[in-house]
Each structure stands twice: as structure tokens, then as C-alpha cells.
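See below for the structure under consideration.
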Amino acid sequence: MKKGRMLYEGKAKQVFAVDDPGQALVYYKDDATAFNGEKKGVINSKGLLNNAISSLFFELLEKNGLETHFLKKIDDRSMLVKKLEIIPIEVVVRNIAAGSLAQRLGWEEGRDLGRPVVEFYYKDDALGDPLINRDHVAVLGLAAPAELDALEELGLKVNKILREYLAARNTLLVDFKLEFGRSGTSGAAGGKILLGDEISPDTCRFWDAVSREKLDKDRFRRDLGRVEEAYQEMFNRISG
Ligand code: TMP
Ligand code: ASP
């Protein structure tokens, strides 16, 4: 397999063309940003750990019948994926109040929500990824109503699978963000929707079930120290 030209560079990943036009190579960087790129840094070994953690989670989801873009891990920092037309909606699923939900609702961080809460954000850096509802999705023409239903359903399914897997490893799944895309070269709405992007401590909140110690990117966002150690600890828990 030949690594071709770079198709796209994001804050934490690069995407390269490969021989097969229906596939792409995702390369995970050590670069870290927060607050819409305002805060920048490097987390040593993050690319390696996020590639490994994402690969394990995608394999777990596939094993449970959920289709993802993941094809295989290629090397320490790269995975081969199916090329998707990314839907510009960030699907956030929450189990415990934290981050922007804690702020918005005035709930203390750590309070159990009692049921999963699904939110949609418009993936647009210039606007700072604002929270949107179903009507906004329709007005913006981001996805058909049936597609949005599918995103919500898939988000809840991912939550159930990951939550149980992590609970057995003494870890709380507080919240996480997913991105989905349409597969097929036609790119037409109505194509199959697959889970894309990554699932890692960059895109999830993980807490130790007993001590509630943070084991995710909040350690970088909030300058809590031991950032790389937290990512390594999550890899150890998930792979063990
Ligand atoms: P929030 O509480 O800041 O809205 O974040 C909710 C979840 O989404 C949390 O697990 C972190 C993740 N997330 C991203 O992956 N990318 C982002 O740009 C943001 C704001 C959050
Ligand atoms: N807001 C993202 C985060 O905090 C990163 C970024 O937008 O720069 O996870």
C-alpha cells in the first residue's frame, strides 16, 4: 500500500490518499489543541496511543455489529479507513454532567444525568462549533431527518457498548464526541452512514470509577499534569 498525497490536515490528524480511491490513511499526531485552537501543545506519544485506543474501540464496535470506517491498524501512528463524506455534525453523548453541559445547566461536574443525553454541534471552526437542534440541522441542510435519527440511534448504541466495556475496566464513560460520514463515491445523501473520526482520550471523558481521577484530555485543557500518563493508563485499561 502506497501513502499518497495529504488530502487534509486537522488539529490532531492528517489524512493521506492511498492506492484505492475508496480508502484513506489516517495519521495521528502528538499535537494537542483546546478551546477551538486557542490553546496549543504537544502530548508526547499521544498519536501512538490514540491510534492504538481508537483501533481497539473501532474493533470492539465492529464486533458488536456497528459499522465504522476502520479497516486496519497499519503502523504505530496510522490506520487504514474507508473514505467518507463527513457530515458536519458533532454528535456528543453524555452520561455524567461535565464540561460545557455542566456550565450550560449550572450542574456541578460529576452529577449523574440519570439517562444518556445526546447533543448536536455544528462542525464549523469559524463559529466555534455551536450547539444546534434538529431545526438548525434542517435549515442548514446538514442532514436529512432520517439521517439525524440514525446519528442519534448510533450515538446511543456506541454509548451502551463502550460504557459496559469500560465499566468492566473500572472506568466511567462521562461523555464523548462522534463524527459520522456517508460512504460510497456518489456521496449522495441516503448513502450508508458509518462512524468515522476517532474515539480516544482526545474525544471522550474517562474517569476512574472509584477515585474519579480524570484520564483524558481535560488534564491538558485544565493544566492538571500527568497528561501522557493518563493516555497511557487508558490504553492499558482498554487493552487489558
Ligand atoms: P464539552 O463538554 O466541552 O462540550 O465536550 C463534550 C465531549 O466532546 C467531551 O468528551 C470532549 C469532546 N469534544 C471533542 O471531542 N471536541 C471538541 O471540539 C469539543 C468541544 C468536545
Ligand atoms: N475544542 C477541542 C477540545 O477542547 C479542540 C479544539 O477545538 O482545539 O477538545
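Counting starts at 1 for both ligands and their atoms, following the listed order.
- One N or O on the side chain of Asn51 and one on the backbone of Asp76 form a donor-acceptor pair closer than 3.5 Å.
- By the criterion of a heavy-atom distance under 4.0 Å, the side chain of Arg221, and not its backbone, is placed next to ligand 1.
- No donor-acceptor pair closer than 3.5 Å links the side chain of Lys29 to the backbone N or O of Arg77.
- For ligand 1, the atoms sitting less than 4.0 Å from at least one non-hydrogen atom of Asp202 are 15 (O), numbered in the order shown with element in parentheses.
- Listed for the Arg219 side chain is a donor-acceptor partner under 3.5 Å among the backbone atoms of Lys214.
- Proximity of Asp31 to Val42: side-chain heavy atoms (C-beta onward) are separated by under 4.5 Å at one or more points.
- Contact atoms of ligand 1 toward Phe176: 10 (O) (distance under 4.0 Å to a heavy atom of the residue).
- Under the 3.5 Å distance criterion, the side-chain polar atoms of Asn95 are matched with a main-chain donor or acceptor of Leu173.
- The side-chain heavy atoms of Lys39 and Arg221, taken from C-beta on, include no pair separated by under 4.5 Å.
- Only backbone heavy atoms of Cys204 (N, CA, C or O) come within less than 4.0 Å of ligand 1; its side chain stays farther off.
- In this structure, Asp216 does not count as a contact residue of ligand 1, since none of its heavy atoms falls inside 4.0 Å of the ligand.
- Compare Asp175, Val93, Ile199 by their heavy atoms: the one nearest to atom 7 (C) of ligand 1 is in Asp175.
- With ligand atoms numbered from 1 in the order given, ligand 1 contributes 2 (O) to contacts under 4.0 Å with heavy atoms of Gly99.
- Contacts with ligand 1 closer than 4.0 Å are made by side-chain heavy atoms of Arg94 only, the backbone lying farther away.
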